Amino acid sequence: MYKCILKDLKNNLKPTAGLLEHLLNADELAWLNIFKQADEIRREYMGNTVHIRAIIEFSNYCRRKCAYCGLNSTNGKITRYRMQPEEIIATAIEGFKAGYRTVVLQSGEDPWYTPEILGDIVKEIKKNTDLSITLSCGEMSYDDYSYLRKCGADRYLLKHETADENIYSKLHSCGTLENRINCLKNLKKLGYETGSGFMIGLPWQTGETIARDILLLNSIPCDMAGIGPFIPNGNTPLRDYAAGSPLLTKKAVALARLVIKNIHLPATTALGVLDSAEKNDVFSCGANVVMRKITPPKYRELYKIYPIDLGEIKSIKDERIDLENAVRVLHRNPL
Ligand code: SAH
């Protein structure tokens, strides 16, 4: 049965949630084959390049209350910081000089950065570098997204987090799935390369939820999707829930690759936090992107969405060289 579904996916037949769930539940032997096919589709549609993107986490202030996230506004246990525009611009320029071609500017939903301030940061980075700019600053109005696009922003990353309305509303007292999806559609309409994504292992999630998550990515349709395991953060309401499974995360990445063949799929940082062997391995079952923090070291410790061991901190340039070498070890070409 699973072989028929794989064949249909290869021939671009649109799957149902039920068929995807069936694949998720296939046995270990079947999965060896499914991973292999996802890797082949990745090579056929995306080549052997691994895109290395720089990420600057420029503010950990957030007005929202997402139950899983350490930045949520009810967490009084973290020290909050904001990078000044000049500091963000200087960091992006340093990243460009170190060889990066894309920078992601990410933050909590922090209204201190008005669209005008963000727009000026984007324009200044564009003036001084050839960087593609991805923004990941949460939900905004159509007009604000439109303004930022005109200022030069190329891409926007806004994960839908879960495609199940019930789970979404239990985890977000501060927003609706409908608005999240509307934002993604607006971004797409405005010509942004649009990234979404979801977490694996959220409370109440089932195989059917994951299947619907993948179908939602396809319906927007997204150019990129970050799929990573949920990691409990001790300072959030979800502190006592178990982390998501790395293997299930890999399976979701492989299915996303099989369904949306030309989508960019990062090996998410969260996957490396739980198990760096799995993180490397995810490159062999569909992933083709990786992000590297270039946030100034004094802030990295404070951007605690979930607990993370930052390892040895080196210069932006040396950290990039290390990552390029790690990609080459996997017989892939860093870009
Ligand atoms: N404010 C921005 C950026 C959010 S943080 C926005 O709303 O889009 C980036 C991502 O981290 C989130 O989209 C979420 O998928 C992920 N994240 C947050 N808490 C997490 C946790 N405890 N475990 C794993 N991933 C988490």
Side-chain angles (χ1 to χ4, degrees), residues 53 55-75 78 80 82 104-113 118 134-140 144-145 148 153 155-163 167-168 171-172 174-177 179-184 186-187 192 194-203 205 210 213 216-217 222 224-246 248-249 252-253 265-275 278-279 291 293 295 300 302-308:
R53 325 264 208 221
I55 174 161
I56 304 174
E57 300 143 322
F58 63 90
S59 163
N60 68 354
Y61 281 86
C62 191
R63 63 179 168 194
R64 302 194 53 146
K65 300 183 177 70
C66 308
Y68 42 82
C69 182
L71 305 191
N72 83 68
S73 61
T74 60
N75 179 8
I78 54 168
R80 304 279 173 170
R82 285 189 178 106
V104 183
L105 304 181
Q106 189 178 80
S107 66
E109 276 192 23
D110 181 359
W112 186 90
Y113 300 87
L118 274 180
T134 305
L135 295 176
S136 177
C137 315
E139 294 174 30
M140 296 184 196
D144 289 349
Y145 285 147
L148 290 166
R155 305 178 179 146
Y156 206 101
L157 179 56
L158 184 82
K159 299 194 193 179
H160 69 258
E161 316 295 4
T162 174
I167 302 177
Y168 193 95
L171 298 177
H172 304 92
C174 49
T176 62
L177 179 60
N179 196 51
R180 201 84 177 162
I181 295 173
N182 256 338
C183 284
L184 286 164
N186 286 342
L187 289 161
Y192 283 92
T194 305
S196 185
F198 55 93
M199 279 173 274
I200 296 292
L202 287 173
Q205 184 182 60
I210 296 174
D213 279 318
L216 179 58
L217 298 176
C222 294
M224 196 270 228
I227 302 170
F230 157 70
I231 300 171
N233 179 324
N235 295 328
T236 64
L238 295 195
R239 65 177 69 82
D240 294 327
Y241 284 85
S245 142
L248 185 57
T249 306
V253 170
L265 295 172
T268 55
T269 317
L271 191 52
V273 168
L274 289 182
D275 186 339
E278 293 282 1
K279 177 164 177 172
M291 289 191 199
K293 288 173 193 275
T295 312
R300 281 189 205 182
L302 303 176
Y303 197 80
K304 256 209 193 121
I305 292 177
Y306 45 75
I308 178 169

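Note that the coordinates shown come from a computational prediction; the quantities given were computed from them, not determined experimentally. Atoms considered below: every heavy atom in the structure, side chains included; atoms not considered: hydrogens, waters and symmetry mates. Atoms within a ligand are numbered from 1 in the order they appear, just like the ligands themselves.
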From [atom1] ([X]) to [atom2] ([Y]), nearest 0.5 Å:
X	Y	atom1	atom2	answer
Ile231	Ile200	CD1	CD1	12.5 Å
Leu302	Ser59	CG	OG	11.0 Å
Ile55	Met291	CD1	CE	5.5 Å

- Do Arg300 and Glu57 sit within salt-bridge range, that is, some charged N less than 4.0 Å from a carboxylate O?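 The answer is no: the pair does not qualify as a salt bridge.
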- Would you check ligand 1 and list the protein residues that come within less than 4.0 Å of it by any heavy atom, ordered by chain and number?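 Answer by chain and number: Tyr68, Cys69, Gln106, Ser107, Gly108, Ser136, Gly138, Leu158, Lys159, Glu161, Arg180, Met199, Pro229, Phe230, Ile231, Ile305, Tyr306.
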- Message: How close do Leu217 and Ala225 get, counting heavy atoms only, and between which atoms?
- Response: CD1-CB, 3.6 Å
- Message: For Cys137, give me all partners under side-chain contact (heavy atoms from CB on, under 4.5 Å), at least two apart in sequence or on another chain.
- Response: Phe58, Ser107, Leu118, Leu135, Met140, Tyr156
